[in-house]
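Structure first, commentary second.
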Amino acid sequence: MPTAVFEARQITKTYQMGEVEVQALRGVDLDLFEGELTVLLGLSGSGKSTLLNILGGLDVPTSGTVRYCGEVLDTDDDATLTRFRREHVGFVFQFYNLIPSLTARENVALITDIAEKPLTPEEALQLVGLGQRLDHFPAQLSGGEQQRVAIARAIAKQPHVLLCDEPTGALDASTGIVVLEVIERINRELGTTTAVITHNAIIGQMADRIVRLSEGHIQSAAANPQRRPAAELSW
Amino acid sequence: MLAIHRKLLRDLAHMKGQVVAICLVIACGIATFVMSLSTLASLQETREVYYERYRFPHLFVSLKRAPETLRQRLEEIPGVRAVELRIVSEVTLDMPSMDEPAVGRLISIPETHRPRLCNLHLRAGRYVEAGRDDEVIVSEAFADAHELKPGDSVTAILNGRLQTLRIVGVALSPEYVFQIRGGEMLPDDRRFGVFWMGETALAAAFDMTGAFNNVMVSLMRSAAEEDAIKRVDDLLEPYGGLGAYGRDEHVSDRYLSDEIRSLRGMGMIAPAIFLSVAALLLNIVLGRLIGTQREQIAALKAFGYSNCDVGRHYLGFVLVIVLTGSLIGTIGGMLMARGLTRAYAEFYRFPILQYRLDASIVVLGFAIALSAGVLGALIAVRRAAKLPPAEAMRPEPPKSFRDTLLERLGLQRLLPPSTRMILRNLERQPVKTTLSILGIALSVSVLVLGNFMEDSLDYLIDQQFQIAQRQDVSVALVEPASGTIVHDMTHLPGVIRVEPIRGVATRMRFGHRSRRVGITGMPPNMQLYQLLDAKRQRLEVPPEGLLISDKLARILEVRPGQSVTVEVLQEERPVRDIPIVGVIDDYSGLAAYMSLDALNHLMHEGETVSGLYLTADGANHKQLYSELKSSPHVASVTIRTGMLQTFRETMGENLLRMKAWNVFFASVIAIGVVYNSARVSLSERSRDLATLRVIGFTRQEISLILLGELAVLTLVAIPVGLLIGRGLGELVALGLDTELYRIPLVITPKTYGFAAVVTLIASVLASLIVRRRLDQLDLVAVLKTRE
Ligand SMILES: Nc1ncnc2c1ncn2[C@@H]1O[C@H](COP(=O)(O)OP(=O)(O)O)[C@@H](O)[C@H]1O
Ligand SMILES: [Mg+2]
């Protein structure tokens, strides 16, 4: 058994929406293992993003604990969470969240400016196959290219974990596959522990492990016996 | 450069129109701040150095006549450092360029050495020499007005005899930095001049050899002024002492102090207005910027930028804008201060008035601009810093559309849809709407404030010179004379009406407060000089008792019905308690009036007059003036129209310049506020507006929605601004309320109208700039972007 990078135990998350309470997570136990690519599957609204945000220190659980490399994450302390994100986590979001006023290179530099032992922005963009588009602004790039810039930005600091929230959600299938290939390569070549959220079950086929989430519960978590290369997927 | 700094600069460049508008508002604030405070400091410092170097005294007193042997006793008064005894006398001058007489004040100076106090600063020529009895040094103000230079001469009537005064020098004195005759409202350099003459010659001409009638005293640092005044007064009482007074009652110094005070007021009010506007603009603009950058903020935080980093990043916007604005403002302020100093150099006669900018003022300016900017941006920046990253990741929840006031009032069906949209949008963002209205209102108030001075001065001049004072000529007599002189004057050429007055110098006391006040005795039913109350109703002098200036009543804290102690400082120096019967509303100096009979009775004298008010037929003025000039009884003559004209000329130019600046300042504010407000609305609504365009609305129709919003803001702001302007005007009038003069708060409908119109024009200009962007609205791009 590989070592667990994340161990989440009894995580609950309740949102207060005026009068009503929304229970996004209702006691989730989840492990992510060193070097593995995990795909979290679930319908929209099942709590995937909430869970990923809590793991990545973007959000805090209402109850429960998260261990990172065996240490409990102090979710009460904002400074600790910020340092945790800065040093260990790379995020990729559905809508890329690039800074429109910065070029591809500069968007990556935004992260390398504050990281310990980063790649250079050029190296990171080379890794995602955008070595030729360094000085383009997001508006000058296609959606898939923008998402690859976002991935370059996420991995430039050489994070321990890469958390991707619906990275193909805003892309058509063929562009989505290019993006998944990049994620796959990062996971394989750099050994970065990776979690990919999606509501698209087909994407689960590229995972080492598939976790299904439903209405705030883990429905199932199992190793994927036959990991398929992203390039072979289609939907 | 770090990528985050690059983002800052690119974002700033992207919103450069807004940035420039806010920078300009800040620049105006800092410019007025730097201008006022640095000019003030220069003025203050120049005055201090001048007074020190040329030994401006601390106490002044006039008297009837005392022997020079009194010098030693004056010098022995504790705290006295130096004493200067002088002869001061006013004469009539016959200037070739004018029909009417001018007043010359002759002041004695020692021939053998420079005056110990109030030394002269020679601008041209030389000092007087012993043994020449016709040499004088003329004050520069008078010399400039008449283009006199050493070698020229003027004709004076000394004690009834014509005498030629030969000018040997042109000089300045710390006593006459501002040259105005005590008791006059307006300076008149053409009709009032100061001449310094050797004391031997002057004494001989006025039969004052071995005597003096004016004393200046300088005190040691440790001296108690009040005590010294008391002792000087006691000593001079038998010699007709008119009461010593300190620098606070010295006219020239008082004018300087008041100017310094009003500069300080301006240095606070104007920057306060501009920086408040800048703060509220930063609030609106940064609030919107942060709103549109929620997802960028989320990304920054997700990758490990701390709350502090994000807060600092947005404060960076404030920093760049404030620093740029302050820099422009400082430079502008320095240039404006140069101009102002030049203007001051015309009004105030200093040997040199050098403009110098103290670094501490600049630093202070930057500091307050920065505080205002940070204060304005604080709410928005805090929101950005506090924004939880997970929440920022999701788009802002759509605004809840509650029923607005419109619906609750049931008016919605009466209004067309576009109007409804406008009103709902405004009502849904009460803070932004309020701030925008306030901003535009402040621009209106700047215009009101800028013009109210002109209105007030017009009103004041009208009240004082058309309604209160109706004489053409006022004549001061050399010696009080019997009432028959009224009859004699009536026979002068062209004279229509003559009314006598009697002026008596007194000290008025109530409780422990006292002031030197001249009481004017007036005949019943006087026509040429009318007293008015606060409601501008005419008041008659009562048969018994006093009418006094409202300001004097406030200083003495006395009310009608109470009695003041009047100590007459002339003749037999009677002391009596006299009741205050009423209070009059006047605009300069401190005055008291009583009936001529009652005053004569108080003085134990028969019908006696010391001055006359005349009206005369215009055609005969020349002859009348020449008779007055040569009359041995006449000490000086004041012509009303001449004084007014000179004043209007100098003031007119300055007021015009001031008005131009005000329009500029107010436009900067109005354009800044309207433009920013419009840009923010445009950014908030570009999706809605583009959607409307897509479903078939015309450009005009969508412009109407956006610009209608601005129109509503401007229209609501105008009355608010007029009120704020009036309030600020009251504050300014209060600041200018001094013993020397009061400025009534008068704002004409024309001023209100002007303020409204200029603001409207500025608004329209700003709207047109934004409208151009609206026309360029890229429908597809707007609809594609996710918000
Ligand atoms: N900030 C929030 N406030 C209120 N409800 C939220 C918030 N974030 C998520 N939710 C709710 O929690 C549930 C889970 O959301 P999410 O984790 O985003 O689901 P998923 O990513 O699987 O679509 C949903 O019902 C959603 O509406
Ligand atoms: Mg989600």
Side-chain angles (χ1 to χ4, degrees), chain A residues 13 15 17-18 24 49-54 56-60 78-116 118 121 137-139 143 150 153-154 156-157 159 163 165 170, chain B residues 1-16 19 289-290 292-314 316-317 384-398 400 402 683 778 780-782 784-787:
Chain A
K13 178 75 184 179
Y15 292 108
M17 287 277 284
S49 295
T50 305
L51 179 57
L52 197 78
N53 287 345
I54 289 172
L58 266 188
D59 207 349
V60 294
D78 195 67
T80 311
L81 287 182
T82 301
R83 195 154 8 91
F84 168 64
R85 296 197 300 265
R86 182 185 291 218
E87 290 168 5
H88 305 291
V89 191
F91 282 102
V92 175
F93 307 106
Q94 180 177 359
F95 296 106
Y96 337 128
N97 290 42
L98 295 176
I99 309 293
S101 54
L102 296 180
T103 61
R105 192 208 306 260
E106 289 159 356
N107 261 287
V108 180
L110 204 52
I111 307 312
T112 57
D113 281 345
I114 59 166
E116 282 286 304
F137 284 95
R153 181 176 65 174
K157 68 168 102 161
L163 304 178
D165 190 345
Chain B
M1 193 190 314
L2 291 183
I4 187 104
H5 295 155
R6 236 169 244 199
K7 168 180 182 303
L8 175 68
L9 294 184
R10 296 236 175 92
D11 286 347
L12 280 169
H14 187 67
M15 44 197 261
K16 56 181 172 301
V19 169
L289 180 75
I290 286 165
T292 55
Q293 297 199 342
R294 275 169 70 88
E295 292 167 27
Q296 300 181 36
I297 295 169
L300 287 174
K301 290 191 175 175
F303 287 106
Y305 280 84
S306 67
N307 293 349
C308 252
D309 295 334
V310 171
R312 241 186 323 228
H313 173 58
Y314 286 102
F317 284 82
K386 287 263 163 74
L387 194 64
E391 199 179 305
M393 206 60 79
R394 12 176 88 239
E396 212 158 354
S400 59
R402 288 173 289 107
S683 135
D778 181 345
V780 186
V782 167
K784 247 184 8 197
T785 56
R786 191 178 78 99
E787 175 138 15

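Numbers restart at 1 for each chain; the letters A, B, ... are given by sequence-line order, proteins then strands. Remember, predicted model here, so these are calculated numbers, not experimental data.
- For a residue to count as touching a neighbouring chain, one of its non-hydrogen atoms must lie under 4.5 Å from one of that chain's; by this rule F91(A) touches chain B with backbone and side chain alike.
- Most heavy-atom pairs under 4.5 Å with chain A: of the set H14(B), Q293(B), R6(B), this distinction falls to R6(B).
- Exactly one of V310(B), I290(B), I297(B) qualifies for a side chain to side chain contact (heavy atoms under 4.5 Å, CB included) with L387(B). That residue is I297(B).
- Residue L163(A): no heavy atom, backbone or side chain, is found under 4.5 Å from chain B.
- If you check the side chains of T50(A) and N53(A), you find no donor sitting under 3.5 Å from an acceptor.
- A distance of 10.0 Å separates CG of L8(B) from OH of Y314(B), quoted to the nearest 0.5 Å.
- Interface residue L300(B): only side-chain heavy atoms are found under 4.5 Å from chain A.
- In plain terms, the two heavy atoms of I114(A) and F303(B) that are nearest each other are CD1-O, 3.7 Å.
- Separating the NZ atom in K386(B) from the CD atom in E391(B) is a distance of 13.5 Å, to the nearest 0.5 Å.
- No part of Y15(A) comes within reach of chain B, as not one of its non-hydrogen atoms sits under 4.5 angstrom from that chain.
- In this structure, the side chain of K301(B) engages the main chain of A385(B) through a donor-acceptor pair within 3.5 Å.
- Contacts between A79(A) and chain B at a heavy-atom distance below 4.5 Å are absent for every atom of the residue.
- The part of D78(A) that comes within reach of chain B is its side chain, from C-beta onward, which places non-hydrogen atoms under 4.5 angstrom from that chain.
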